[in-house]
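Okay, structure first, notes after.
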2 protein chains.
Amino acid sequence: MHSMANGVTAQTLTEAVADHLRRLIHLGEVGPGDRLPAERDLAEQLGIARLSLREALKTLQNDGYVEVRRGARGGTYVTELKEPVARWRARMRTVSGEFDDIVDFRIALETETARLAAVRRGPADLAALRETIDDLSRAHDRTAFRQSDSRFHAALATAARSTRLLAAVESIRAELFNTYDLLPFVDPVQESVDDHQAVYRAVEAGDVDGATAAIRDHIENARAQLRAIVFDGDPFGAPDRRTDAEAGAREERGR
Amino acid sequence: MHSMANGVTAQTLTEAVADHLRRLIHLGEVGPGDRLPAERDLAEQLGIARLSLREALKTLQNDGYVEVRRGARGGTYVTELKEPVARWRARMRTVSGEFDDIVDFRIALETETARLAAVRRGPADLAALRETIDDLSRAHDRTAFRQSDSRFHAALATAARSTRLLAAVESIRAELFNTYDLLPFVDPVQESVDDHQAVYRAVEAGDVDGATAAIRDHIENARAQLRAIVFDGDPFGAPDRRTDAEAGAREERGR
DNA sequence: CTACAAAGGTACAAGGTCTGTACCTTGCAC
DNA sequence: GTGCAAGGTACAGACCTTGTACCTTTGTAG
């Protein structure tokens, strides 16, 4: 027998709660400056003891996600996220291939999502998609931009009638974090609106190939933008860019 | 603020271990009749206390995945899996859309996997793929068939150079369980070999569209076969069709 | 400038989980 | 029928989770 391998561990409530909250922050559900509910309330909402929540908040505090203030106007506030974003960026630069691995996975999920959406969408789905694009084009700050962007992709997965794709699309977005705060704000908005509209038109028309091509372009655009953020100013030069065209030439260790 | 929603829970070690072992069984890493390592050894391999392992085994025992025998030739043996397969089948029939949801997700993962493999594969990858197909065509029993099949898809994800796709492909295969034991054995072998060879040829040729089309066909074939197992007449022909609730209620004592 | 209210901070006891260690029981093989 | 390789059981210590109670900080209304 083989591969009964190791690595099995329990997850404490504290860890689970910290992961949950960290994910909400990564997804932009709560952004810099937002205040979380009071400990007692939040603990009740999450169905856990206050102490467990407090320990989770302590973790997030240590990692620089939130800061805690006492007194009447006290509470737990999301920070500007400079520290965690810096750590995320360092990891993306350090762990070879991690960045492209995530984006490749996202492409796998979203191209098929777009394909299914083009086939299965109904009028209500189209309306929901239009609304997210309208919100996006009207977004006046980064938080609104983030949320509209997230909701477009969620609406697409909803139109695709796939609960697993919806969940996975959200998960992988959380892994990419939310780094728009590091970009100049104006550029990405118009580009993103254009990309989303292209996807929408193909989905509305039931154009399967057009929809997959449009979403692939969109994610490749996002990849390029994020790559600039992550690797900009690297003294050792850009790491190898695994485009599909190039990568075929190289070959790796056997297995 | 919204969506701070509920549902956060810790996972006990026992649960984690049970999930891990159940997954190995679902993937066919260990099959009917196989014996797991002795409790003391397995606990050490997994890095956990024996009691935690024992509780996990108790769970699997209750669910009909394994049976435990004492004495010199004793140990923990994987059952014929009739009970869990019946439960799985009942669930697929009952939970509306669950079956297609899983297969749709699998298509999302594997089409992009095939696409990337066609672009990034090296000679070693091609050799590994050929080997799994050879194994498959020589498979004399269901266990060998299962393993070769799994390994082909793993090799494909390896050729695609994507750790996340590899992990996700494995996960979703575990959710589909391993129901080949319910099929007549001869048919699917030749079909499956043909399908895999079609994928291989496209990947070898670097034919992106051919590879995605071939893997999509393969999975749609698998969908049709599985659908027949899941939704068509009872494979055991018994007019007495037990619901899973009934099945769980009976046959409780015999252990 | 004082009292109140709304937050976070701390303490403790009861019950559950995980570990390490030790010892008992079963049943095949010789 | 003895040896021995399994599983079966017991227990104490450390850690995690919960419920409850009470303390401290700080903005602000009066």
Side-chain angles (χ1 to χ4, degrees), chain A residues 1 4-22 25 30 33-79, chain B residues 1 4 6-21 25 30 33-79 252-255:
Chain A
M1 186 151 314
M4 224 85 221
N6 50 20
V8 197
T9 21
Q11 192 185 33
T12 67
L13 235 202
T14 296
E15 289 164 356
V17 173
D19 287 351
H20 176 71
L21 296 176
R22 199 181 293 109
I25 294 175
V30 293
D34 287 352
R35 205 198 78 174
L36 302 188
E39 288 182 355
R40 287 171 178 84
D41 299 342
L42 184 49
E44 192 183 12
Q45 281 179 42
L46 296 170
I48 61 175
R50 191 178 160 216
L51 182 56
S52 307
L53 172 60
R54 283 181 57 69
E55 283 175 355
L57 291 177
K58 190 70 180 287
T59 303
L60 295 186
Q61 208 177 344
N62 289 335
D63 292 351
Y65 280 91
V66 300
E67 56 190 5
V68 175
R69 295 200 281 274
R70 296 178 65 167
R73 278 293 176 89
T76 307
Y77 293 82
V78 178
T79 67
Chain B
M1 189 150 314
M4 223 86 221
N6 49 19
V8 196
T9 20
Q11 192 186 33
T12 67
L13 234 202
T14 296
E15 290 164 355
V17 172
D19 287 350
H20 176 71
L21 297 177
I25 294 174
V30 293
D34 287 352
R35 206 198 76 174
L36 303 188
E39 288 183 355
R40 287 170 178 86
D41 300 342
L42 185 49
E44 193 184 12
Q45 281 179 42
L46 296 171
I48 60 175
R50 193 178 158 214
L51 180 57
S52 307
L53 173 59
R54 281 180 58 69
E55 283 175 356
L57 291 177
K58 189 70 178 290
T59 303
L60 295 186
Q61 208 179 342
N62 287 336
D63 292 351
Y65 281 92
V66 300
E67 55 190 5
V68 175
R69 294 201 282 274
R70 298 178 63 165
R73 276 296 173 88
T76 307
Y77 293 83
V78 178
T79 68
E252 196 49 42
R253 215 57 65 211
R255 326 224 126 80

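As the structure is a computational prediction, the values presented were derived from the model and not from experiment. Reminder, nothing fancy here: chain letters follow the sequence lines and each chain counts from 1.
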Is any side-chain N or O of [X] under 3.5 Å from a base N or O of [N], one able to act as donor and the other as acceptor?
| X | N | answer |
| --- | --- | --- |
| A:Arg70 | D:dT26 | no |
| A:Arg40 | D:dG19 | no |
| B:Arg69 | D:dG7 | no |

Does [X] place a side-chain N or O at less than 4.0 Å from the phosphate oxygens OP1/OP2 of [N]?
| X | N | value |
| --- | --- | --- |
| A:Thr76 | C:dG8 | yes |
| B:Arg35 | D:dA6 | yes |
| B:Arg73 | D:dA5 | no |
| B:Thr14 | C:dC18 | yes |

Heavy-atom pair of closest approach, residues [X] and [Y]:
| X | Y | result |
| --- | --- | --- |
| A:Ala10 | B:Gln11 | CB-O, 3.2 Å |
| A:Ala43 | A:Arg50 | CB-CA, 3.8 Å |
| B:Thr79 | B:Gly64 | OG1-O, 2.8 Å |

Nearest-nucleotide 5' precedence on DNA chain C, B:Ser52 against A:Gln61
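The residue whose closest nucleotide sits nearer the 5' end is A:Gln61.
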Both B:Glu55 and A:Arg50 contact DNA chain C. Which one's nearest nucleotide lies toward the 5' end?
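Its nearest nucleotide lies further toward 5', so the answer is A:Arg50.
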Could you state the [atom1]-[atom2] distance from [X] to [N], rounded to the nearest angstrom?
| X | N | atom1 | atom2 | result |
| --- | --- | --- | --- | --- |
| B:Leu13 | D:dC16 | CG | P | 12 Å |
| B:Leu53 | C:dT21 | CG | C1' | 17 Å |
| B:Lys58 | C:dC18 | NZ | C1' | 18 Å |
| A:Leu42 | C:dA7 | CG | P | 12 Å |
| B:Leu51 | D:dG13 | CG | C1' | 14 Å |
| B:Glu67 | D:dG7 | CD | C1' | 14 Å |
| B:Glu39 | C:dG20 | CD | P | 15 Å |
| A:Asp41 | C:dG8 | CG | C1' | 13 Å |

Nearest heavy atom decides the nucleotide; on that basis, is A:Thr12 or A:Gly71 closer to the 5' end of DNA chain D?
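Closer to the 5' end of DNA chain D: A:Thr12.
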For B:Arg54 and A:Gln11, find the nucleotide of DNA chain D closest to each by heavy atoms; which residue's nucleotide sits nearer the 5' end?
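Residue closer to the 5' terminus by nearest nucleotide: B:Arg54.
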Is it the case that atom CD in A:Gln61 sees more than 12 heavy atoms from other parts of the structure closer than 6.0 Å?
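Yes, enclosed.
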Over 12 foreign heavy atoms within 6.0 Å of CD, A:Glu44:
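Check fails, neighbour count at 12 or below.
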Between C:dA7, C:dG9, D:dG7, which nucleotide has the shortest distance from any of its atoms to the side chain of A:Ala38?
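The answer is C:dA7, which lies nearest to the side chain.
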